[in-house]
Amino acid sequence: MANDLKVMGDMTLPGGKFDNIRISGELELNGDTVVENDVKVSGNCQVNGDLKTNGLKISGRCVVEGNLESGETNLSGHLKAKGDISGKSMSVSGIARIGGKANVDLLTIFGEFSTSGDCNSEEIKAKGVVKIGGMLNAGKIELKLYYTSTIKEIGGGSVIIKRGGESAIGRMFKSLFVGSDYFSGKVECDLIEGDSVYLEYVKAPIVRGSNVKIGPGCEIGVVEYTGEFYADPDSKVDKEVKV
Amino acid sequence: MEKEMISKKELLELTGISYGQLYRWKRKNLIPEEWFVKRSSFTGQETFFPKEKILARIEKIIGMKEDLSLADLAEVFSPDVSQIRFSRIGILERNIVSEYTLNFYEEINGWAEEYDFQSLLNAFVLHKLLSSGDVNLEEARSICKLLKEAFEKSSETSWTIYVTRKLGVASVFAIETNSKPLFEESVKITVKLELSSCVEELKIILS
């Protein structure tokens with residue numbers, strides 16, 4: 001017999017093992033929780049411990065005090081994990097704040113995504129604000145960012161960073177952040193290394209790659225490349241070296 | 001005893017691998033995070049690797065790439081060993097350790113029908129050292145006992161075994177791999193064996 005937990009309204013329970021969890025309301029789980037199938041939240045879910053599940057679908061808010069291990073995560077709303085997150089895929093439409101590191105194969109972000117540690121992915125596609133305290137290590141990186149984005153280091157195969165546009169959605173983001181240079185600031189990185197690199201409105205002291213293309217609005221210290229190099233006349237590159 | 005280091009730049013040039021490959025292998029734990037050593041240099045921050053280790057590892061990855069998936073490779077290089085048991089007969093049949101070594105090990109630890117990975121590793125290390133003639137029987141006995149104790153304290157990959165000799169008296173040490181012990185000048189180091197490489201070797205033999 002399936003051990004399904006269905007919550008309508010408010011409930012506080014100890015953690016434990018479940019087959020499915022369905023919340024329409026508020027659920028607080030006090031303890032590590034393992035879910036064989038899916039967790040579906042329409043409302044509020046707080047896990048005071050680690051959460052391990054096959055699938056996590058959030059329409060609302062989910063807070064995990066420990067680590068989150070979820071095969072497939074679909075977030076429409078707010079996710080906060082104080083520890084690390086790992087999984088096959090995560091799609092964020094809203095805000096995801098991770099206290100530790102993120103190891104998610106396929107990461108799709110529309111909104112805000114932040115980690116204090118490293119972020120490892122096979123593919124990351126983001127539109128919005130990305131803040132990564134450690135290194136972003138991914139095979140394919142495609143970012144359309146707004147200026148409060150900071151990524152300490154980037155390493156990977158194909159790296160594309162562009163500026164988010166002044167679309168209606170962009171203006172919506174702007175209203176959430178104070179500061180008029182939301183659309184005119186630059187993404188800051190300490191180091192970017194990749195096979196093919198294309199950057200727009202990025203400020204970085206060192207960029208290394210096989211083929212490096214510096215688009216408009218960049219402030220780069222040194223570019224070291226082995227193949228081809230191009231810099232938009234609008235950008236500033238202090239030094240370029242073919243190695 | 002600083003090991004020779006190689007910069008990331010030199011490494012890519014020397015091996016012909018790309019940034020994408022290097023970072024993918026790092027993601028898949030084929031190259032341990034600890035090997036990425038950041039140092040300040042003339043151009044700012046640069047990353048260095050232990051030269052011998054990284055070159056050997058990259059050679060192995062490239063060599064094995066055709067036969068194994070990245071996940072399989074990670075299994076071979078990962079420090080985690082699962083609950084496998086090896087039969088005594090199987091060990092001898094596959095020539096993992098010699099019968100002599102196994103008997104020697106059993107003199108100290110008792111006969112066993114089955115071996116877990118750590119006991120097998122212990123015997124494997126003895127086999128290596130005895131065959132090479134680097135240690136005598138007395139030293140081998142000390143190493144065997146010390147290894148057993150070391151494994152109880154922490155995983156097999158964090159240790160390096162040193163055998164030293166001073167004025168004809170030998171001593172055996174198990175020191176955490178990332179430490180840099182300083183010995184007196186009059187002390188001769190006859191054996192310095194990193195267990196992590198023995199683990200790798202053993203895993204490859206077993207696979």
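Naming convention: chains lettered A, B, ... in sequence-line order (proteins, then strands); numbering from 1 in each chain. Because the structure is a prediction, the values reported are computed rather than measured.
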Note to self: Can you confirm whether the side chains of B:S119 and B:D116 place a donor and an acceptor under 3.5 Å from each other?
What the structure shows: yes
Margin query: Less than 4.5 Å to any heavy atom of chain B: does that hold for the side chain of A:D118, its backbone, both, or neither?
Written below: side chain
Next item on the list: Inspect the contact between A:E224 and A:K242 and indicate whether a charged nitrogen and a carboxylate oxygen are less than 4.0 angstrom apart.
Entry: no
Margin query: Is A:S196 in contact with chain B via its backbone, its side chain, both, or neither, using a 4.5 Å heavy-atom distance?
Written below: neither
Check: Do other residues, nucleotides or ligands put more than 12 heavy atoms under 6.0 Å from the CD atom of B:E52?
Finding: no
Margin query: Do the side chains of A:K57 and A:E72 get close enough for a salt bridge, i.e. N-O under 4.0 angstrom?
Written below: no
Next item on the list: Tell me, out of A:N137, A:N103, A:V243, who's got the most heavy-atom pairs with chain B below 4.5 Å.
Entry: A:N137
